[in-house]
**Q** 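Okay, handing you the structure first.
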Protein chains: 2
Amino acid sequence: MSELEKTIESLKYDEKGLIPVIVVDSETKRVVMMAYMNATSLLETVRTGKTHFWSRSRQKYWMKGEQSGHTQDVRNIFIDCDSDTVLIEATQHEAACHEGYFSCFFRRLTDSGKWEIVDEKVFDPSDVYKKTE
Amino acid sequence: MSELEKTIESLKYDEKGLIPVIVVDSETKRVVMMAYMNATSLLETVRTGKTHFWSRSRQKYWMKGEQSGHTQDVRNIFIDCDSDTVLIEATQHEAACHEGYFSCFFRRLTDSGKWEIVDEKVFDPSDVYKKTE
């Protein structure tokens, strides 16, 4: 087992073998998404330089951007003090959110207790995902 | 039930009633930590303007900074597209990490597959936590 494999194995995964991964765009410094990896997808992320996740709803591996082309080029990988959360700095191509926004966090809580959209769409999801949805 | 309570109730919590919360320092834009809230602690966070979490290991509520004084003043609260992850922008007083670093993400993966510390300590944990540890 390589040093990298040992390092990845030694992280604290949850009871399903998953670890939450925050992705920050390296240029804008914005948090663009949060998703889950297991040891295999984290290793694949390091080896390929593109983020690979484990989908809890679809129970399968997915590379970010495999459908949309909006991939993430990994720049830096950080671990937190408890070794149970990963932070990745990446170059986000086009946009991270499948709803067409640069960041998945495009809604802010207002004083009246509702969500308001505070960002502009950068692409039309019906164009990007039309072949498979 | 108020509009705010309805909004908070309608988020997607996991099977333990928890939702992951990413905290970004509003001044430096750095991700400083990730922890979990339930509906009650999120409501308390909105009402008090200070972040309140649910500790999975201690099974109790805690206000960030209750021991250290390193509280977080909430500036903005965002929700992601799937309504299952919260992002909070806050003014981080002193530092977020109990190990003495501004951010909990102070270790970066090197090319040789090991973690290296890439940040400077801003306080000595043995001073800050000496009364209770």
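Naming: A, B, ... by sequence-line order, numbering from 1 per chain. Bear in mind the structure is a predicted one, so any value in this text is a computation, not a measurement.
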**Q** Using heavy-atom distances under 4.5 Å, tell me whether B/Ser57 contacts chain A through its side chain, its backbone, both, or neither.
**A** neither
**Q** Under a 4.5 Å heavy-atom cut-off, does chain B meet the side chain of A/Val118, its backbone, both or neither?
**A** side chain
**Q** Determine whether the aromatic ring centres of residues A/Phe105 and B/Phe78 are separated by less than 6.0 angstrom.
**A** no
**Q** If you count heavy-atom pairs under 4.5 Å between each of A/Arg108, A/Met33, A/Glu3 and chain B, which one has the most?
**A** A/Arg108
**Q** Using non-hydrogen atoms and a 4.5 Å limit, figure out which bit of B/Ser112 sits close to chain A: side chain, backbone, both or neither.
**A** backbone
**Q** Knowing that exactly one of A/Lys64, A/Glu94, A/Met63 qualifies, which makes a side-chain contact (heavy atoms from CB on, under 4.5 Å) with A/Thr71?
**A** A/Met63
**Q** Check the pair B/Trp62, B/Thr51 against side chain to side chain contact (heavy atoms under 4.5 Å, CB included), reporting the backbone distance first and the verdict last.
**A** CA-CA 9 Å; B/Trp62 58 289; B/Thr51 52; over 6 Å; no
**Q** Is any side-chain N of the basic residue among A/Lys16 and B/Glu15 closer than 4.0 Å to the acidic one's carboxylate O?
**A** yes
**Q** Are A/Asp84 and B/Arg56 within salt-bridge range, i.e. N to O under 4.0 Å?
**A** yes
**Q** If you count heavy-atom pairs under 4.5 Å with chain B, which of A/Leu4, A/Ile79, A/Ile8 comes out on top?
**A** A/Ile79
**Q** Is it true that A/Asn76 and A/Glu89 share a donor-acceptor pair across their side chains at a distance under 3.5 Å?
**A** yes
**Q** Under a 4.5 Å heavy-atom cutoff, which of A/Glu99, A/Lys29, A/Arg30 has the most pairs with chain B?
**A** A/Glu99
**Q** Report which part of A/Thr28 has an atom under 4.5 Å of a heavy atom belonging to chain B: side chain, backbone, both, or neither.
**A** neither
